[in-house]
Structures are given as structure tokens and as C-alpha cells.
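Okay, so here's the structure we're looking at.
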Number of protein chains: 2
Amino acid sequence: MQRVTIAQVAERAGVSTATVSRVLSGRGQFSAAVERKVRRAADDLGYQVNVIARSLRNSRTDTVGMVVPSITNPFFTSLVESVEHALGKEGKELFLCDARSDPRIEARRLASLAARNVDGIIVSPSHGVDSRPAVQQTAEQLPLVQLDRFVDGTTTDWVGVDDVAAMRQVMDHLHDGGARSAAYIGSLMTHSSTEQRFAGFRRRAEELNIEVKPHEVLLGDYSVEWGEEAVARLIAEGGLPDALVCADDLIALGATRACRAHGFSVPRQVQVTGYDDIEFSRLAEPALTTVHQPRDRIAAEAVRLLAAASLAKDAERGPHAHIALVPTLVVRDSTRAAPAPQHRI
Amino acid sequence: MQRVTIAQVAERAGVSTATVSRVLSGRGQFSAAVERKVRRAADDLGYQVNVIARSLRNSRTDTVGMVVPSITNPFFTSLVESVEHALGKEGKELFLCDARSDPRIEARRLASLAARNVDGIIVSPSHGVDSRPAVQQTAEQLPLVQLDRFVDGTTTDWVGVDDVAAMRQVMDHLHDGGARSAAYIGSLMTHSSTEQRFAGFRRRAEELNIEVKPHEVLLGDYSVEWGEEAVARLIAEGGLPDALVCADDLIALGATRACRAHGFSVPRQVQVTGYDDIEFSRLAEPALTTVHQPRDRIAAEAVRLLAAASLAKDAERGPHAHIALVPTLVVRDSTRAAPAPQHRI
DNA sequence: AGTTCAACTGTAATCGATTGCGTAAAGGTG
DNA sequence: CACCTTTACGCAATCGATTACAGTTGAACT
């Protein structure tokens, strides 16, 4: 397997390995006659470069590592897809790692990627605090950009969305729909995303005079189950507010389900919003109003930053970029469009 | 980056690089004193092996490539997750590639993985026919196992489920629920999975005397949109049968949606079944009756086969294994449990 | 004709870890 | 004490491609 080497091609073509390398990589100069012989020999033998050997020599692997908290979360899945496509255009390959939302596993993955000499790493950190040592240390070794989430106290590039701006849109929309009280169903505050979103939620709620119903924040994880549980808890503890603002679509889907299971109509009695615009938010009953993240843009920016960082090398690691793209609100059926509470099918 | 080499450790410890290698890999023999010095030096310097260099020498990369038709299909996503976990236990890493359901892209990906000297490849082929040359050729170079789908005329290991047995369960269940006619909504027959499922569907339908409604098979792709379109077409062409048997959950979700949009009640008027048991099949309205694939088992078997194949080397590439696991039917609300058509909420 | 220079091509070092072979010292045996 | 094993470790080759450097050739120029 992987048997034919450059030396064999060289022998068959009657030239040196250096020449073969030059012809095949197009660097340096060579006569047309030699080029023909070499290409002929390479084709005959079915030569393919040994990427490993080349990497060792060039200390470049044309490989990027990506670490996400969970591959099964559709949001990350589509982010992975976008990154994969963006990398494809650059002729790079993707090493995918699932950290299973565990900073320790994440740390191992990061170390392992670094040991594999990837050209760069894209990571969506599992934890806003505990992920820090590994992320920071890895970032000191090679180009690293954080995606979506950000670890406090790290100095790396970051690409994500402006959560505060997004929440402003969400709250304005809910307010238009008549909401005068709202609850935020988030995940643990240890994710920068939920924290930012909550901050945006709270600020705009205050400005719009929307009552934040349970004062204590609801903390769980990014899952359907947690959405269901949170709603059950709210109902048990005194009823639902006019609106449920969820930190992501999975939670929102669970929340919607629980509302209906408990006999509350969505959006007539309770409005529900999600975040991410995963594919299934469109298919839910009712279709979910949510915040659409420009995933392709995010991925493209991340790849671009990595490429830039690779060029700059350790030379002048300039100031790090924090790119916040503005997401768009996607209004569907889980919220009320008009101020007058009107039911729509 | 990746600066400290084995030579530096050797110098600091006052030994040769050979000794450092032996100590760190635990192969060969060495005195306790030397071991201490070497470990000390390695720790002080923060030494990490250069996996690339090691791979070149060992011609092993501890890396497995996986190619799937689409990362965004939740079924493949969870398959990827399972494989990732199974590999983690073996200390191997996963190279993930998305073929975007295009055999040409798939071929490029396979070639690229082979060039990267992965230890093995797990592929779920995009096309039952067009994927053949690339799959076959790659399989001749290195261990390869096909997952879920199978390319006709290739000789490689395969792990998947017994589609025919699964369809038998589905049809029996639908028959119990009173279905006397049914349509199969599949994807293009160029996927072995849809073909097998259709075969199972047709055979059991015949045995149970269930009328196969439109004689021509409905062909599209594995997507929600296609499910919606197929139902629209059925309605336009003369109405719906008692049951819609879909080749996967995405199609089933789309079909269910379309049924309801056109005013047909599921499962009262039309029963719908899916295949794969993706997470959202549980969340749909009504929750989808579907076939659960034992993903972890599938992944584990695939990884096991690869490991075995790596050991065997080209030596005696014995007969190839075809492992068909038996999936289980998951009955939910999109079908009728009892013969008497009874509505349930 | 003698130089000069550009165009080609080959030699060999290099990337970093691994490992077969060789050897010196330590330990064992009769 | 001579001789044979082990044990412990270093030397140097090796994996395959790339590339700095040097050498060769022939054309162009003075």
C-alpha cells in the first residue's frame, strides 16, 4: 500500500528524485522533454505523493483540527459542514473531534491535534472557564480561532455572532407580539454564548419594561430534555410568563413541547423563541421563531483567520480579531407577529 | 511551535536519541537511572512526539478516515459520533469528509485520505453504482469498510442493518394497524439502502396482501423536501394509501407534514413510518414510528473490522465480512397500534 | 577563441522518530 | 580466571519528499 515512491518514478524516468519532485510540484525549472518523461513515469506507476513525508519536510500538513462540544447538536453539525466546505476550497482537510462537553476530553483532543501538527485549530470551547488552560496553551503553539463560544481570559481570534444585538431583535419582536413578561431558559452560564444572550435579554427586557419572571436564571444544558424540564419547573413554581426566550433551538423545541403537553397553546398563550435556526426548528409544530446564525460566513471567516495566522507565524502575532457577525431574526409561528393576539394555523 | 525534538531531550539527559525513544515508548531496555533522567528532561522541555515523523517511520498514522454523503443528515451525524467514540478508545483520530452526495467529490476524498496514509477508511458510499471505482480502488490500497450502504460489485467489509428484516417488522406493524394499501417513498434506487428497504417492503406487502399503491416507485433523495413533494404528488395523482413507508426519517417527517398540510390526519387517515430513528423523529408531531439503527454497535463493528484488517495486512486478505445487525421497530404515534382505528393524543 | 550566464539536473542534507546492529560493561558459570 | 550471557546504550540507517548547493552544458557575447 502506498508503495510507489518518488525514487521509483525517478528511476523509471531516468532522472534524479530532485527532478521528479520539481516537475511534479512545478517548482524550479526543467526541460519539456524531462517533464514528459517524468509525468509519463508517474502516471504509469500511479504515483501519489506521500503526504506524511511531505509534511515532515515542510512542517505543514494542510490539515485543520476542529473541536466541538457535541457533534449531535445540529447547530455544530452545520457549523462543521460549513467549515469543511470552506476548507475544501483551500485544499485542506478537517480533523474532527468531539469533546463531549467535557473540558478534560477537550484538553486531550487539543493536545493530540497539536501533536499531529495541524496547521490550525478551530474550537468551540465546551466550558467558559474550565476550557481555558488547554485553549490558551494550545493557542500559544499554533494558530487557533474560537468559534461561537469564547473562553474568558484567553487571547485568540474569535468569530461568532453579536448575541446582544440578536436578543434585542428577539425581545423587540416579542414585545410587539404583546409579551409583557418573559423567562430566559439558558444553559449553564459557563458557556459564553448563554451568558451573552442572557445579558442581551435582560438589558432589552429592562428597556422595554418586560418583567423578567423568575428572578433566578434557569440553568441546564443545550438539550431538548432541559427545555422540557425547565417549563415543567416554571409551571410548578407559579406559571408561565408571556414569553419563553431560549438559549438555543433544542431547548426551545423541548419547551414548546412541554407547553403543549401541559395544555398551553403556543403562541397564543406563550410565545417561544429559539436560537441557531437549526433545520428542525422549521419543521416543529408550531414552526419555531429563532435567530439565524450565518454559519457559512462564520466558517469562512474562521478559515480566513487561520490562514492569515499561519502566514504571520510567530513573527508578529498581532492583536487578535474578534469578529461578531450580526444574525437575523427568523419569524415563524411560535411567536405572535401582530400586537393583537391572533391565532394562526 | 512544536520546537522541542527528541534530540534536545537526549542532549539534556546526556544520552542518545535512541535511548530517549526507547524510554518514552517503553520498548527495549534501559536502567532506572537513565529512565529518570530522560523523563525529567522530557518534562522540563515539555516534549511531545512529532506524530508526523513517527508516522513516516512506522507507516502508521493512528488515524482513520470517514466519508459520509452528508454531515447534516442526522443519521450520519450520529453515526459519525459513534465512530468517533469507538475510535477514541483505540487512541485513534478521525478524519471526517463530506462527499456532498457526489461520487466525484467522494472519489477525491477517498484518494486524499489514502494519500494521507490513514490506517483505514470507513465510508458510507454516496451512490450504489457510481461510487464503485473509487471505493474498489481505495479498498485495494488499504483497509476499508462500508457502512450502512453498500456499493454493488465491490469486495470489502460491510456493516449495516438487515433492511429486509426491518421492513418486515414495519409492514407487520402497519398491517396490524389496519393498513391494506401502502406506498413506498424512497430515494433514488442508486442507494443500496433504499433498494433493500424497498425489496423488503414489496416482499412483505405481497405476503400480507397489502396493495402497493402507485406501481411506479417514488424516487427522490433523503430529505424533508422530497417527502413533502412525494405526498403532494400522490395526492395529485389519486389520493393517499393507508400507509406511507418512507426510506428514512427525513422523508417521513416531510411526508407527515405534507399530509397534515393537506388535511389528512396522521395516523388516523394515513399511517407514516420512517427509518433511522434520528432524534427529531421523537419530537415530531405526531412522534414518528421508525426503525432504530444500533449505531454504536455498527460503529464498534466497523472499527473492529478495520483493526483486524490492519493486522492481517495484505498477507491473507481473507474473505470479507458482511455484518448485518437487526434493527428494532420503535412504535410511536404516527402509526396505529390497535387494529381499531383509534385516535390518540 | 575565451568568457559569461542562464538553464538544467544531480548530490546530498534535511525534517524527527525509530530500530537493527554492534559493543562495552556487568553478571554468571565451571 | 577465562569465557559466555545478559543488559544497557550508542551509531547510523531508514521512512519519502524537498531543496540548497554545486556541477554541467550550450548558447550568447566580446
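In what follows, chains are A, B, ... by sequence order, proteins preceding strands, each numbered from 1.
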Worksheet item: Any idea which heavy atoms bring B/Leu113 and B/Phe95 closest together, and the distance?
Response: CD2-CB, 3.7 Å
Discussion item. Here's a test of your reading of the structure: between B/Arg22 and B/Tyr47, which maps to the more 5' nucleotide of DNA chain C?
Written reply: B/Tyr47
Worksheet item: How is B/Ser21 classified with respect to the nucleic acid when contacts are heavy atoms under 4.0 Å: base, sugar-phosphate, or nothing?
Response: base
Item to complete: For residues 107-116 of chain A, pull every pair meeting salt bridge (charged side-chain N to carboxylate O under 4.0 Å, His left out), keeping only residues two or more places apart or in separate chains.
Response: A/Arg109-B/Glu84, A/Arg109-B/Glu93, A/Arg116-B/Glu93
Practice prompt. Can you tell me the distance, in whole Å, between the CD1 atom of A/Ile6 and the P atom of C/dG10?
Written response: 12 Å
Worksheet entry | Contact under 4.0 Å: A/Ser59 side-chain N or O vs C/dC15 OP1/OP2 | no
Discussion item. Taking ring pair (Phe, Tyr, Trp, His ring centres under 6.0 Å) as the definition, give me every residue that meets it alongside A/Tyr222, ordered by chain and number, with sequence neighbours left out.
Written reply: A/His191
Item to complete: Report the distance from atom CD of A/Gln48 to atom P of D/dA17, rounded to the nearest whole Å.
Response: 11 Å
Fill in: Integer-rounded Å distance: D/dA8 P and B/Lys37 NZ
14 Å
Worksheet entry | Nearest-nucleotide 5' precedence on DNA chain C, B/Ala53 against B/Ala18 | B/Ala53
Worksheet item: How would you label the contact of A/Val15 with the nucleic acid (heavy atoms, under 4.0 Å): base, sugar-phosphate, or nothing?
Response: sugar-phosphate
Item to complete: Determine: side-chain N/O of A/Thr5 to OP1/OP2 of D/dG16, distance under 4.0 Å, yes or no.
Response: no
Worksheet entry | Protein-nucleotide distance (A/Leu56, atom CG; D/dC15, atom P), rounded to Å | 14 Å
Practice prompt. Could you name each residue pair satisfying side chain to side chain donor-acceptor pair (under 3.5 Å) that touches residues 68-83 of chain B, not counting sequence neighbours?
Written response: B/Ser70-B/Thr72, B/Ser78-B/Arg295, B/Ser82-B/Asp296
Discussion item. Between P on C/dG16 and CD on B/Glu11, what's the gap in Å once rounded to a whole number?
Written reply: 14 Å
Discussion item. Filter on salt bridge (charged side-chain N to carboxylate O under 4.0 Å, His left out), then keep only pairs touching residues 119-129 of chain B, sequence neighbours left out; what's left?
Written reply: B/Lys92-B/Asp119
Practice prompt. Tell me which residues in residues 27-35 of chain B put a heavy atom below 4.0 Å from DNA chain D, sorted by number, or none.
Written response: B/Gln29, B/Phe30, B/Ser31, B/Val34
Discussion item. Expressed as a whole number of angstroms, how long is the span from B/Asn50:CG to C/dT14:P?
Written reply: 17 Å
Worksheet entry | Spacing of B/Ile52 atom CD1 relative to C/dC15 atom C1', expressed in whole Å | 11 Å
Worksheet, complete the sentence: Taken to the nearest whole Å, CZ/B/Arg116 to C1'/D/dG16 is 16 Å
Worksheet item: Which part of the nucleic acid, if any, lies within reach of A/Arg54 when heavy atoms closer than 4.0 Å are counted: base, sugar-phosphate only, or nothing?
Response: sugar-phosphate
Discussion item. Checking A/Gln293 now: which residues fulfil side-chain hydrogen bond (donor to acceptor under 3.5 Å, both in side chains) with it, not counting sequence neighbours?
Written reply: A/Asp276
Worksheet entry | B/Asp44 bridged to B/Arg40 by N-O distance under 4.0 Å | yes
